[in-house]
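This report refers to the structure that appears directly beneath it.
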Amino acid sequence: MSLTPIRRRTAAAALTAALLVPLAACSSGDDTKKDTAGSTASGTASAAPRVNLTVLAAASLTDVFKTAGAAYEKSHPGTKLVFSFAGSQELVAQVAQGSPADVLVTADTKSMDKVKADTGTPAIIAKNRLVIATGEGNPFKVDDLRDLADTKLKVVLAAPEVPAGKYSKQILDKQSVTVKPVSQEPNVRAVLSKVELGEADAGLVYRTDAESAKDKVDAVEIPDDQNAIAKYPAATIKESRNAEAAAAFVAWLSSPEGQKILQDAGFQKP
């Protein structure tokens, strides 16, 4: 028996639908897998761990830690370093008051000792020495520590409670040199700034500070037997919410890569 045109069209439509169902199912399954895979891959990427580490660091580390931070972030893409630079005495006060931070690096061991109950075991990452910073060209012909006693010179020092101020007092007392500074600054970078701007004729700063501004100041070396050695301890802060990442950064500072950056900036081996 032959089919009428209407019945033939109906049968053809039914057959076409029957053939398309499996294809649609396969297509849908593939798309679902692709979407799921894409979503999973995207989700994995967006879920990459991101750690913001707050590092409290002595002012004399300002330039070198910016360089070190960039290198560290490049090799540790999940970590972002946020630096806070100030005099060591200010940083220690922040830690003692419970300010949120992850790592502390001071310019002397005595400052670090004041918060030993709040930090992990510190590691010395670098050493430094003092120099006499003068205006470019050393216009007042400062040759040694004794010249700083000249009352005609405007000399600026770090405050006594600042590591650089303690070291300055130590070496001046050792040479029996009495200096009447025109100001005592809250950190060694402020001392350097006064000399750079011509607001002081000379000042005692770390060798690395003078090196960072060598186009604006001259550095008069102080003999080793008259000088003091500044030690820089680094430690994790016990209340850190990123203890593992903080410990990794402190360890990296003593690594070959970290040490090269520090020593290239003029710091001495620990």
Side-chain angles (χ1 to χ4, degrees), residues 49-128 158-159 161-167 184-194 196 205-206 208-209 211-213 230-254 258 261-262 265-267 270:
R50 186 72 180 180
V51 177
N52 290 325
L53 280 185
T54 298
V55 180
L56 307 180
S60 51
L61 293 166
T62 299
D63 294 309
V64 69
F65 264 23
K66 288 178 180 177
T67 300
Y72 189 80
E73 289 177 359
K74 184 176 181 179
S75 59
H76 298 75
T79 301
K80 171 71 176 177
L81 296 174
V82 180
F83 294 109
S84 177
F85 299 105
S88 295
Q89 78 288 353
E90 294 180 43
L91 303 176
V92 165
Q94 291 179 41
V95 173
Q97 293 165 8
S99 298
D102 304 289
V103 174
L104 172 65
V105 189
T106 62
D108 67 334
T109 56
K110 289 184 178 179
S111 292
M112 183 67 77
D113 287 344
K114 291 179 180 179
V115 287
K116 60 183 178 182
D118 302 301
T119 66
T121 303
I124 304 300
I125 61 163
K127 293 179 181 178
N128 215 339
E161 63 271 17
V162 181
K166 294 176 185 177
Y167 295 131
Q184 293 181 311
E185 301 300 319
N187 61 67
V188 72
R189 276 308 174 101
V191 175
L192 180 67
S193 178
K194 290 280 188 180
E196 283 183 289
V205 302
Y206 296 117
T208 53
D209 293 307
E211 178 66 20
S212 72
K231 297 180 180 179
Y232 291 74
T236 58
I237 297 174
K238 289 181 179 178
E239 293 299 316
S240 168
R241 296 181 179 180
N242 306 295
E244 187 175 341
F249 177 65
V250 170
W252 180 85
L253 290 171
S254 295
I261 292 172
L262 286 162
F267 287 87

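With a 4.5 Å cut-off on side-chain heavy atoms, Ser254 and Pro270 do not count as touching. The side-chain heavy atoms of Glu161 and Pro186, taken from C-beta on, include no pair separated by under 4.5 Å. In this structure, the side chains of Lys238 and Asp118 stay at 4.5 Å or more apart for every pair of heavy atoms. Within the 4.5 Å cutoff, side-chain heavy atoms of Pro233 are placed close to those of Thr106. Looking only at side-chain heavy atoms (C-beta outward), Val95 and Ile237 come within less than 4.5 Å of each other. With a 4.5 Å cut-off on side-chain heavy atoms, Ile124 and Thr109 count as touching. Ile125 is not listed as a side-chain neighbour of Phe267, based on a closest heavy-atom distance of 4.5 Å or more. The closest side-chain heavy-atom distance from Thr79 to Phe249 is not below 4.5 Å.
Taking all atoms of both residues into account, the shortest heavy-atom contact from Leu253 to Ala234 is CD1-CB, 4.2 Å. The shortest non-hydrogen separation linking Ser212 to Arg189 is OG-NH2, 3.4 Å. Residues Ala245 and Val51 share a closest heavy-atom pair of CB-CG1, 3.9 Å. Taking all atoms of both residues into account, the shortest heavy-atom contact from Ser60 to Val188 is CB-CG1, 3.8 Å. In plain terms, the two heavy atoms of Ala164 and Tyr206 that are nearest each other are N-OH, 3.4 Å. Minimum heavy-atom separation, Pro100 to Thr54: O-CG2, 4.2 Å.
Between Thr208 and the choices Asn128, Asp63, Thr62, the side chain to side chain donor-acceptor pair (under 3.5 Å) rule is met once, by Asn128. Partner of Asp102 under the side chain to side chain contact (heavy atoms under 4.5 Å, CB included) criterion, chosen from Thr236, Asn242, Val250: Asn242.
We find the CZ-CG distance between Arg241 and Asn52 to be 12.5 Å, quoted to the nearest 0.5 Å. Here the CG-CZ distance, from Asn187 to Phe85, works out to 11.5 Å after rounding to the nearest 0.5 Å. Put simply, CG on Leu53 and OG on Ser240 are 6.5 Å apart, with the number rounded to the nearest 0.5 Å. Within the model, atoms CG of Leu262 and OG1 of Thr67 stand 10.0 Å from one another, a figure rounded to the nearest 0.5 Å.
In this pair, Phe65 and Phe83 present their aromatic rings tilted. The plane angle is within the 30 to 60° band.
For Lys166, the NZ atom sits in a packed shell: over 12 heavy atoms of surrounding residues, nucleotides or ligands are nearer than 6.0 Å. For CD of Glu73, the number of neighbouring non-hydrogen atoms (other residues, nucleotides, ligands) closer than 6.0 Å is greater than 12.
Judged by distance alone, with hydrogens and angles left aside, the side-chain atoms of Arg50 form a donor-acceptor pair with the main-chain N or O of Pro77 at under 3.5 Å.
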